[in-house]
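Just below is one structure, and these are the notes that go with it.
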Amino acid sequence: MLTQTPKTTYLKDYAPPAYRIPTIALRFELGEDFTIVHSQLRIVRAEATPAGTPLALDGQHLELIALELDGIPLDADRYRVEADRLTLLDPPAQFDLAVTTRIRPQDNAALQGLYQSSGNFCTQCEAEGFRQITYFLDRPDVMAVFTTTLVADKARYPVLLSNGNPVASGEMEDGRHWATWHDPFPKPSYLFAVVAGHLQHIEDHFTTRSGRKVTLRIYVEPDNVDQCDHAMYSLKQAMVWDEKRFGLEYDLDLYQIVAVGDFNMGAMENKGLNVFNTKYVLAKPETATDADYQGILGVIGHEYFHNWTGNRVTCRDWFQLSLKEGLTVFRDQEFSSDLGSRGVKRIEDVRMLRGSQFPQDAGPIAHPVRPDSYIEINNFYTVTVYNKGAEVIRMMQTLLGRDGFRRGMDLYFQRHDGQAVTCDDFVAAMADANGADLGQFKRWYHQAGTPELTVSDHYDPAARRYTLTIRQSCPPTPGQPHKEPFHIPLALGLLDAEGCDLPLTSWMCRRGQSRRCCAAFPHR
């Protein structure tokens with residue numbers, strides 16, 4: 001029996017997209033047997049792309065109904081349809097492409113792309129689900145301004161939601177209604193979202209520090225509307241915290257959360273329309289534990305913080321996943337620490353590392369925070385990328401100090417707002433904002449494994465000198481038999497017999513694998 005060899009994707013093979021898609025307008029005609037999707041793409045050939053280069057748009061499980069280029073039906077010899085792509089042959093430098101496809105959300109058991117469950121339509125597009133909705137360059141470094149219109153039966157689907165701000169709505173003579181949404185901020189397709197169904201919501205408002213009034217809504221199934229108060233509290237606290245800690249305001253007129261039971265991830269940060277599993281939204285004192293309330297606070301905060309660390313500035317490619325996830329885990333850890341007990345939260349996070357991440361680093365699937373290759377992108381969402389990635393961010397804050405870290409964050413957003421960037425870009429912003437050399441520190445991104453420290457000490461009574469020697473080593477991991485020394489921040493201090501601080505000096509050994517710290521005790 002022949003089996004197909006899985007395709008491996010390598011970081012070293014990254015190439016910028018040959019074409020850009022500045023805008024996309026979508027129209028969904030939601031139906032009980034199938035859904036028709038009309039998409040209007042504005043496509044521009046990149047400057048470095050030679051004329052005549054084919055345009056390959058990603059697409060899976062799509063039935064192509066119509067295809068027009070600049071309003072004219074495209075001849076069959078000018079394009080090619082395959083199982084996973086639509087290729088345009090010799091396209092012009094810039095043009096409008098109209099694509100009509102038929103999809104069947106009711107049969108979508110993978111819960112990727114647009115699917116229907118419990119009578120509601122919902123989407124999940126990270127990492128590569130958008131290609132199951134329409135043909136597109138479904139990669140994070142292609143960022144477009146989205147306008148979305150939803151059309152559906154009003155009785156069955158009274159609520160029609162998408163990204164951004166609502167701009168128009170109306171009713172049709174056949175019992176259907178429609179709503180149009182516009183997101184003014186360019187985003188990759190993995191952040192696209194649609195929800196349609198019979199839902200109820202609670203509403204509140206938040207005024208940003210610059211005076212903008214934002215409407216906040218949490219949508220749930222009707223029986224759950226009495227369990228949303230803590231989620232709303234958590235959202236408002238997250239908005240206050242991000243303004244105070246990082247100076248980051250929310251940027252749309254409306255922020256929406258939808259909680260459904262049939263969602264195969266914990267939560268998803270779609271721009272302006274977060275979709276959650278009910279576990280991380282619903283709570284009431286009669287049934288929820290303290291851990292439930294804490295979990296909701298952290299996850300609500302995490303998805304909100306993605307609005308800047310992941311949405312406004314996103315990943316160039318999926319190898320950079322920790323750029324948004326490691327950074328945002330660190331941010332939600334700090335948020336939960338400030339609103340609760342910092343010590344308890346730190347113990348909880350370290351237990352996660354020791355119980356889950358350390359064994360991963362010591363096993364056959366050990367991989368760096370930024371891996372070099374993957375076979376299946378959905379297996380890329382690991383405790384190493386998320387939780388170890390957060391510890392790498394925490395070490396940067398330790399090295400630079402809280403104020404220095406804030407300077408680095410400010411420069412990061414100043415440089416890269418609206419862009420798809422890399423982990424190197426983030427580290428460069430941190431280094432440049434503080435005049436720091438983080439060259440050796442970047443090894444944390446491309447070396448796997450958990451470094452081990454061996455500490456020894458010696459006291460010389462005659463010289464009244466205490467010497468502390470710290471050596472590091474890191475066991476081999478798959479594909480990395482030899483490790484270069486990591487840059488590891490250490491905090492230590494010595495006290496004399498009277499409890500006073502003693503001055504310390506330190507130096508690095510020749511190979512950089514050990515560090516000695518000495519204290520010269522003053523003669524009294």
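Because only heavy atoms are used, hydrogens play no part in the values below, and waters and symmetry mates are left out as well, while side chains stay in. This one's a predicted model, so the numbers in the text were calculated from it and none came from an experiment.
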Donor-acceptor pair, [X] side chain versus [Y] backbone, under 3.5 Å?
X	Y	value
N434	G404	yes
T208	R212	yes
N270	L273	yes
N224	L282	no
D253	N165	no
N108	P105	no

Are [X] and [Y] within salt-bridge range, i.e. N to O under 4.0 Å?
X	Y	result
R85	D58	no
E128	R139	no
D432	R415	yes
D229	K284	no
R407	D403	no

All side chain to side chain contact (heavy atoms under 4.5 Å, CB included) counterparts of [X], not counting sequence neighbours:
X	answer
R406	F246, D410
L353	Q357, F358, N387, E391
V240	F206, K244
S162	T148, W181, F192, V194

Shortest non-hydrogen contact between [X] and [Y], atoms and distance:
X	Y	result
P140	W318	CD-NE1, 3.6 Å
P285	Y293	N-OH, 3.1 Å
D338	W241	OD2-NE1, 2.8 Å

Positive for side chain to side chain contact (heavy atoms under 4.5 Å, CB included) with P91, one of T53, L55, L74 =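 Of the listed options, the one satisfying the test is L55.
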Can you tell which of V195, L111, I133 makes a side chain to side chain contact (heavy atoms under 4.5 Å, CB included) with T123?
->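 Single pass found, and it is I133.
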List in chain and number order the residues that pass side chain to side chain donor-acceptor pair (under 3.5 Å) with [X], two or more places apart in sequence or in another chain; answer none if no residue qualifies.
X	answer
E348	K345
D251	K271, N307, R312
Q397	R245
E171	K154

Could you walk me through whether Q333 and R394 pass the side chain to side chain donor-acceptor pair (under 3.5 Å) check?
-> CA-CA 10 Å; Q333 290 173 348; R394 186 175 298 279; 2.9 Å; yes
Measuring from [X]:[atom1] to [Y]:[atom2], what's the distance to the nearest 0.5 Å?
X	Y	atom1	atom2	result
M395	T398	CE	OG1	8.5 Å
D183	L191	CG	CG	9.0 Å
I393	S322	CD1	OG	6.5 Å
I103	I65	CD1	CD1	11.5 Å
N274	I218	CG	CD1	10.0 Å

pair [X]-[Y]: side-chain heavy atoms closer than 4.5 Å:
X	Y	result
Y250	L216	no
V369	W444	no
V421	F426	no

Anything under 3.5 Å between a donor and an acceptor, one on a side chain of residues 23-33, the other on a protein residue two or more places apart or in another chain? List them.
residue : atom : partner : partner atom : Å
E29     : OE2  : H38     : NE2          : 3.3
E32     : OE1  : Y157    : OH           : 3.2
E32     : OE2  : Y157    : OH           : 2.6

Any side-chain donor near an acceptor of the partner, [X] and [Y], under 3.5 Å:
X	Y	result
R331	T309	yes
E126	Y381	yes
D107	Y115	no
Y14	D141	yes

Does the salt bridge (Lys or Arg N to Asp or Glu O under 4.0 Å) test come out yes or no for D96 and R42, once each step is laid out?
-> CA-CA 5 Å; D96 292 324; R42 182 61 178 169; 3.2 Å; yes
If the plane angle is over 60° it's perpendicular, under 30° parallel, otherwise tilted; pick one for Y374 and F380.
->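 Rings of Y374 and F380: tilted, 30 to 60°.
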If a pair satisfies salt bridge (Lys or Arg N to Asp or Glu O under 4.0 Å) and one of its residues is in residues 231-240, list it, with sequence neighbours excluded.
->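 Non-adjacent pairs meeting salt bridge (Lys or Arg N to Asp or Glu O under 4.0 Å): D204-K236.
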Provide the full list of side chain to side chain donor-acceptor pair (under 3.5 Å) pairs with a residue in residues 213-223, sequence neighbours left out, each pair given once.
->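 Only E203-R217 qualify under side chain to side chain donor-acceptor pair (under 3.5 Å).
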Side chains of residues 294-304: which donor-acceptor pairs under 3.5 Å do they make with residues two or more places apart or in other chains?
residue : atom : partner : partner atom : Å
H302    : ND1  : D332    : OD2          : 2.7
H302    : NE2  : H306    : NE2          : 3.1
H302    : NE2  : E325    : OE1          : 3.2
E303    : OE1  : E269    : N            : 3.3

Answer yes or no on whether R102 is positioned over the face of F34, meaning its NZ or CZ is under 6.0 Å from the six-membered ring centre and within 45° of the axis.
->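 Yes, a cation-pi geometry holds between R102 and F34.
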Between E249 and S210, does a side chain to side chain donor-acceptor pair (under 3.5 Å) hold up when you go through it step by step?
-> CA-CA 8 Å; E249 289 190 25; S210 65; 2.8 Å; yes
Could you check T314 against Y190 for side chain to side chain donor-acceptor pair (under 3.5 Å), going step by step and ending with a plain yes or no?
-> CA-CA 10 Å; T314 196; Y190 81 86; 2.8 Å; yes
Q320 vs T422, side chain to side chain donor-acceptor pair (under 3.5 Å): CA-CA, chis, key distance, verdict = CA-CA 6 Å; Q320 319 298 328; T422 67; 4.7 Å; no
Verify whether the ring centers belonging to Y445 and F319 lie closer than 6.0 Å.
->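 No - the distance between ring centres of Y445 and F319 does not fall below the 6.0 Å cut-off.
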Decide yes or no on salt bridge (Lys or Arg N to Asp or Glu O under 4.0 Å) for R370 and D317, but give the supporting numbers first.
-> CA-CA 11 Å; R370 182 176 61 188; D317 53 73; over 6 Å; no
